[in-house]
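In what follows, chains carry the letters A, B, and so on, assigned in the order in which the sequence lines appear, proteins first and then strands, with residues in each chain numbered from 1.
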2 protein chains.
Amino acid sequence: MPNQAKTARGLPAEALELVAARFRVLGEPNRLRLISALEQGEKNVSELVAETELTQANVSRHLQTLTEAGLLGRRKEGLNVFYFIADESLFKLCDLVCSRLQKELAAKAASLKG
Amino acid sequence: MPNQAKTARGLPAEALELVAARFRVLGEPNRLRLISALEQGEKNVSELVAETELTQANVSRHLQTLTEAGLLGRRKEGLNVFYFIADESLFKLCDLVCSRLQKELAAKAASLKG
DNA sequence: CAATAATATGAGCATATACTCATACAAGAA
DNA sequence: TTCTTGTATGAGTATATGCTCATATTATTG
């Protein structure tokens with residue numbers, strides 16, 4: 001196969017577990033909201049709490065999950081902690097899913113019209 | 001602007017819920033194994049059960065989840081039901097995650113060597 | 001030092017979901 | 001029809017995880 005490259009082909013179950021874990025981190029809407037909020041640039045926890053209207057504890061936990069997964073980075077500045085996107089492939093991932101979903105919804109809408 | 005949950009790129013929280021749901025479907029290692037098995041082409045449930053060594057009930061449920069998400073397609077042929085990849089963007093998604101994980105693991109390995 | 005502010009975390013609850021067992025359903029064969 | 005095979009599903013259990021409350025931790029200020 002000429003185009004074997006880096007697809008999931010032949011990946012052992014152990015590797016798929018890692019891939020699944022990465023997808024699982026992205027499978028939480030509030031985490032996506034946090035990522036989305038950070039597209040504009042780094043923000044501290046308080047700003048993210050205000051923007052998302054989630055509790056501080058909840059935001060903190062989600063940020064920890066995202067940081068441990070390597071998706072976000074952390075920077076302390078005095079009392080504040082600033083978080084920022086550390087994995088630029090996030091945007092490609094979301095774009096892929098979004099465009100796919102749009103395609104599916106468009107097809108569904110068309111089928112409803114006959 | 002009204003008090004709306006803010007997200008960048010003009011994606012409302014409602015849309016992010018759909019995106020998250022799609023990621024969640026991919027966040028299960030056995031589902032990734034099924035997808036991986038189908039890269040070679042369509043297979044019926046029995047073949048997938050043999051290949052993954054999961055129970056038939058479990059495989060059937062995962063296939064249902066993947067099909068309802070639009071990732072797989074279904075084709076009945078007599079007693080057999082064949083499943084196949086219906087969303088080619090799956091490969092790009094996995095490619096992105098895999099290459100990113102490889103990069104992270106390589107960096108971690110290098111840091112362990114000092 | 002104590003007080004304050006920003007963030008993190010332990011504990012407990014609630015929900016979601018992956019799994020299994022048993023059984024139901026579907027489609028061909030006898 | 002009945003029997004057999006392949007697949008789907010209802011029910012129950014176990015575990016994972018998202019959430020909140022309260023408290024702990026960290027860093028700054030007085």
Side-chain angles (χ1 to χ4, degrees), chain A residues 13-14 16-38 42-84 86, chain B residues 5 7 13-14 16-38 42-84 86:
Chain A
E14 177 183 297
L16 291 181
E17 172 65 64
L18 289 179
V19 177
R22 171 71 39 121
F23 280 128
R24 235 175 297 137
V25 170
L26 296 173
E28 218 290 325
N30 286 330
R31 279 198 287 271
L32 294 187
R33 291 175 62 203
L34 290 167
I35 290 171
S36 192
L38 292 175
E42 69 171 14
K43 291 179 182 168
N44 64 32
V45 179
S46 299
E47 291 172 314
L48 291 169
V49 168
E51 205 163 313
T52 60
E53 297 181 330
L54 302 173
T55 65
Q56 182 269 320
N58 200 13
V59 167
S60 185
R61 287 187 197 285
H62 282 312
L63 292 172
Q64 179 181 337
T65 299
L66 290 164
T67 304
E68 285 176 351
L71 302 180
L72 298 188
R74 238 178 83 103
R75 182 177 70 82
K76 294 187 73 171
E77 184 180 296
L79 279 178
N80 300 300
V81 178
F82 287 84
Y83 286 87
F84 52 90
Chain B
T7 63
E14 178 183 297
L16 291 181
E17 172 65 62
L18 288 179
V19 176
R22 171 68 41 117
F23 280 128
R24 234 176 296 138
V25 170
L26 296 173
E28 219 290 324
N30 285 330
R31 279 198 286 271
L32 294 186
R33 291 176 63 202
L34 290 167
I35 290 171
S36 188
L38 292 174
E42 68 171 16
K43 291 179 181 168
N44 64 33
V45 178
S46 299
E47 292 172 313
L48 291 169
V49 168
E51 203 163 314
T52 59
E53 296 181 328
L54 302 173
T55 64
Q56 183 268 318
N58 200 13
V59 167
S60 187
R61 286 187 198 285
H62 282 312
L63 291 173
Q64 178 181 315
T65 298
L66 289 163
T67 304
E68 286 176 349
L71 302 180
L72 298 187
R74 235 178 84 102
R75 181 177 70 81
K76 294 188 71 170
E77 184 180 296
L79 279 178
N80 300 300
V81 178
F82 287 84
Y83 286 86
F84 53 89

Under 4.0 Å from OP1 or OP2 of [N]: is there any side-chain N or O of [X] that close?
{"X": "A/Y83", "N": "C/dA6", "value": "no"}
{"X": "B/S60", "N": "D/dT7", "value": "no"}
{"X": "B/N80", "N": "D/dT5", "value": "no"}
{"X": "B/R31", "N": "C/dA18", "value": "yes"}
{"X": "A/H62", "N": "D/dC19", "value": "yes"}
{"X": "B/Q64", "N": "D/dT9", "value": "yes"}
{"X": "B/R24", "N": "C/dA16", "value": "no"}
{"X": "B/S46", "N": "D/dT7", "value": "yes"}
{"X": "B/N58", "N": "C/dC19", "value": "yes"}

Atom-to-atom span, [atom1] of [X] to [atom2] of [N] - whole angstrom:
{"X": "A/R61", "N": "D/dA22", "atom1": "CZ", "atom2": "P", "result": "15 Å"}
{"X": "A/E47", "N": "C/dT7", "atom1": "CD", "atom2": "C1'", "result": "14 Å"}
{"X": "B/L34", "N": "C/dA18", "atom1": "CG", "atom2": "C1'", "result": "13 Å"}
{"X": "A/N30", "N": "D/dT17", "atom1": "CG", "atom2": "P", "result": "16 Å"}
{"X": "A/K76", "N": "C/dT7", "atom1": "NZ", "atom2": "P", "result": "10 Å"}
{"X": "B/E53", "N": "C/dT20", "atom1": "CD", "atom2": "P", "result": "12 Å"}
{"X": "A/L26", "N": "D/dT17", "atom1": "CG", "atom2": "C1'", "result": "16 Å"}
{"X": "A/L63", "N": "C/dA8", "atom1": "CG", "atom2": "P", "result": "7 Å"}

Does the side chain of [Y] come within less than 4.5 Å of [X]'s, by heavy atoms?
{"X": "A/L26", "Y": "A/I35", "result": "yes"}
{"X": "B/R22", "Y": "B/L18", "result": "no"}
{"X": "A/Q56", "Y": "A/S60", "result": "yes"}

Using 0.5 Å steps for rounding, measure from the CD atom of B/E42 to the CG atom of B/L48.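 Going from the CD atom of B/E42 to the CG atom of B/L48 covers 10.5 Å.
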Closest nucleotide among D/dT9, C/dA5, C/dC19 to the A/L79 side chain: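 From the listed options, C/dA5 comes nearest.
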Which nucleotide in C/dT9, C/dA8, D/dT7 has an atom nearest any side-chain atom of A/R74: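 Between C/dT9, C/dA8, D/dT7, the one nearest the side chain of A/R74 would be C/dA8.
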No-H, no-angle donor-acceptor pair, B/E28 side chain to C/dA18 base, under 3.5 Å: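 Counting by modelled atom types and ignoring angles, no donor-acceptor contact under 3.5 Å is found here.
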Under a plain distance cut-off of 3.5 Å, with no hydrogens placed, do B/R33 and B/N30 share a side-chain donor-acceptor pair?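 The criterion, which ignores hydrogens and geometry beyond distance, is satisfied for B/R33 and B/N30.
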Would you kindly compare B/Q56 and A/Q56 by the position of their nearest DNA chain D nucleotide and give the one closer to the 5′ end?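 Checking each residue's closest nucleotide, the 5'-ward one belongs to B/Q56.
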When you check the gap from the basic side-chain N to the acidic O, do A/E17 and A/R24 get nearer than 4.0 Å?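 Judged by the 4.0 Å cut-off on N to carboxylate O distance, A/E17 and A/R24 do form a salt bridge.
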